[in-house]
There are 2 protein chains.
Amino acid sequence: MFSKACEYGIKASIYIALQSLQDKRVSLKEIAEEINSPVAFTAKILHQLAKNDILDSVKGPAGGFQIEKDNVEKLKLSHVVFAIDGDSIYSGCGLGLEKCNEKQPCPLHDKFVIIRNELKQMLEETSLLDLTSGLDLGITFLKR
Amino acid sequence: MFSKACEYGIKASIYIALQSLQDKRVSLKEIAEEINSPVAFTAKILHQLAKNDILDSVKGPAGGFQIEKDNVEKLKLSHVVFAIDGDSIYSGCGLGLEKCNEKQPCPLHDKFVIIRNELKQMLEETSLLDLTSGLDLGITFLKR
DNA sequence: TTTAATTCGGATAAATTTGTCCGAATTAAA
DNA sequence: TTTAATTCGGACAAATTTATCCGAATTAAA
Ligand code: SF4
Ligand code: SF4
């Protein structure tokens, strides 16, 4: 479904969002621990999210990553996914014909597009804030 | 979404199904041409589908692949996908926690499972026969 | 029986994704 | 000003997926 990089990116964003709600800036090391991901690889992904204005990063001691409080609600999963995996979810298709072309659809097109659109809609309407609440209550998890 | 191998497997199955309805057995070479896929790689995939009783294969001159007419309607996309990608569609999940565990769900679980189930249902109720009709009429395509 | 067409199946190679390493740049605090 | 903590960023390595190659096995037809 999503690439590994994207999975890490989503988990990291959720964790950072949760901490940001309490005005805490978190370090790469802490994030990687909390989401159980390889540190150096996670660094690249966070960097990419920072470049895309999804995260705010600060170097130096007491540095780390944070999300503006206002943005925790405004940022949707679709933003995170797009920053890492690009538009593959929107254009990437069931049978991988070179370019999607509604005029020359593959046999699966109609049925596939329905699912793809629901996924798209779900990503676009789910904010980071939505995903933090369960975590905070201890009923959802980012690692086991 | 699906692996490349799976995409080729689906396209090949649809093409073979279409020809099988006219009692035609088709060769690897012809299939690869019709679905625009690398020949040798396609061979492995067809082989795997044959081992899983989705295709019937015959060696030697005038050999090739075919699907029993009765099976064209009985075979669902889910069978093809399962033979190649395994149960990743059923168990593979939004954030890739090691094992899916409803008791310790990731934050995305509820929203993700809805989509995953719809995909699953679509694959389980779509037969190869369903996918051949448009092809036959020239309104859907396996390559461009 | 010989030949040729074909799938079978293993070894290997190329491409992509995932992951590691390490030094440079930045910055807060000592 | 020095030190140490941190992100930045490029080079590299490992793992996985995708793809190629080639000989063996099978089988229909010449
Ligand atoms: S025709 Fe439909 S399923 Fe095929 S590539 Fe385009 S959108 Fe995807
Ligand atoms: S908790 Fe839900 S989304 Fe997470 S791995 Fe399990 S099924 Fe998938």
Side-chain angles (χ1 to χ4, degrees), chain A residues 1-13 15-16 19 24-67 81 83-86 88 92 95-96 98, chain B residues 1-13 15-16 19 24-67 81 83-86 88 92 95-96 98:
Chain A
M1 179 69 63
F2 304 118
S3 69
K4 223 66 180 143
C6 197
E7 287 180 6
Y8 296 147
I10 294 172
K11 290 192 218 181
S13 298
Y15 180 71
I16 298 166
Q19 299 305 315
K24 284 186 194 157
R25 186 173 288 276
V26 285
S27 72
L28 165 64
K29 203 178 141 197
E30 178 181 345
I31 294 165
E33 240 158 49
E34 288 295 328
I35 71 175
N36 197 28
S37 68
V39 178
F41 191 42
T42 306
K44 314 237 121 139
I45 297 160
L46 294 179
H47 182 40
Q48 203 171 346
L49 291 175
K51 273 197 303 188
N52 281 273
D53 295 319
I54 288 167
L55 307 178
D56 166 56
S57 75
V58 170
K59 292 178 192 171
F65 298 88
Q66 198 165 17
I67 297 175
V81 171
I84 297 174
D85 278 354
S88 64
L95 299 189
E98 298 73 26
Chain B
M1 179 68 62
F2 303 119
S3 68
K4 223 67 180 138
C6 197
E7 287 179 6
Y8 296 147
I10 294 172
K11 289 192 218 181
S13 297
Y15 180 71
I16 298 167
Q19 299 305 315
K24 283 185 195 159
R25 186 173 287 277
V26 284
S27 72
L28 165 64
K29 202 179 143 197
E30 178 181 344
I31 294 165
E33 239 158 51
E34 288 294 329
I35 72 175
N36 197 28
S37 67
V39 178
F41 190 41
T42 306
K44 314 236 119 140
I45 297 161
L46 293 179
H47 183 39
Q48 202 172 347
L49 291 175
K51 273 197 304 188
N52 282 273
D53 295 319
I54 288 167
L55 307 179
D56 166 56
S57 74
V58 169
K59 293 178 191 171
F65 300 88
Q66 197 165 16
I67 297 175
V81 171
I84 297 173
D85 278 355
S88 63
L95 299 189
E98 298 73 26

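First the proteins, then the strands, lettered A, B, ... as listed; each starts at 1. These values consider heavy atoms only, across backbone and side chains, with no hydrogens, waters or symmetry-generated copies.
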Original post:
Taking protein heavy atoms under 4.0 Å as touching, what does nucleotides 23-30 of chain D look like 5' to 3' if B marks base contact, S marks sugar-phosphate-only contact and - marks none?
Top reply: ---BBB--

**OP:** Quickly work out the L28(B) CG to dC8(C) C1' distance and round it to whole Å.
**Re:** 11 Å

Subject >> Close side-chain approach of I67(B) and L55(B), heavy atoms under 4.5 Å >> reply: yes

Original post:
In Å, rounded to the nearest 0.5 Å, how long is the span from CD of E7(A) to CD1 of I84(A)?
Top reply: 10.5 Å

Subject >> Exam field: side chain D85(A) to backbone F2(A), donor-acceptor pair closer than 3.5 Å >> reply: no

Subject >> For atom CD1 of I35(A) and atom P of dG19(C), their distance in whole Å >> reply: 11 Å

Original post:
Which is it for L49(B) and I16(B) under the side-chain contact (heavy atoms from CB on, under 4.5 Å) test, yes or no, and what are the steps along the way?
Top reply: CA-CA 12 Å; L49(B) 291 175; I16(B) 298 167; over 6 Å; no

**OP:** Could you go through the side-chain contact (heavy atoms from CB on, under 4.5 Å) check for N36(A) and K11(A) one step at a time?
**Re:** CA-CA 9 Å; N36(A) 197 28; K11(A) 290 192 218 181; over 6 Å; no

Original post:
Can you check the I84(B) CD1 to dT18(D) C1' distance for me, whole Å?
Top reply: 13 Å

Original post:
Atom CD of E33(A) and atom OH of Y15(A): how far apart are they, to the nearest 0.5 Å?
Top reply: 9.0 Å

Original post:
Under the 3.5 angstrom rule, does the side chain of Q19(A) hit a backbone N or O of Q66(A) as a donor-acceptor pair?
Top reply: no

Original post:
When you check the phosphate oxygens OP1 and OP2 of dT6(C), does a side-chain N or O of S57(B) lie under 4.0 Å from one of them?
Top reply: no

Subject >> Interatomic distance, M1(B) atom CE to C6(B) atom SG [nearest 0.5 angstrom] >> reply: 11.0 Å

Original post:
Roughly how far, to the nearest 0.5 Å, is the NZ atom of K4(A) from the CD1 atom of I45(A)?
Top reply: 10.5 Å

**OP:** Mind calculating the distance between CG (D56(B)) and P (dT6(C)) to the nearest angstrom?
**Re:** 16 Å

Original post:
Hey, what bend do you get for the helix from dT1(C)-dA30(D) to dA30(C)-dT1(D) if you fit axes on five pairs at each end, rounded to 10°?
Top reply: 10°

Subject >> Separation of dT7(C) C1' from K29(B) NZ (nearest whole Å) >> reply: 15 Å

Original post:
Which distance, rounded to the nearest 0.5 Å, do you find between the CG of L46(A) and the CD1 of I31(A)?
Top reply: 5.0 Å

Original post:
Do the side-chain N or O atoms of Y8(B) get closer than 4.0 angstrom to the phosphate oxygens (OP1, OP2) of dT18(D)?
Top reply: no

Original post:
Is there a residue in residues 37-47 of chain B whose heavy atoms reach under 4.0 Å of DNA chain D, and which residues are they?
Top reply: P38(B), A40(B), F41(B), K44(B)

Original post:
Nearest-Å distance, CD1 (I31(B)) to P (dT7(C))?
Top reply: 7 Å

Original post:
Which distance, rounded to the nearest 0.5 Å, do you find between the CD1 of I35(A) and the CD of E30(A)?
Top reply: 11.5 Å

Original post:
Rounded to whole angstroms, how far apart are CG on L55(B) and P on dT7(C)?
Top reply: 11 Å

Original post:
Whole-Å distance between dG9(C) P and K51(B) NZ?
Top reply: 7 Å

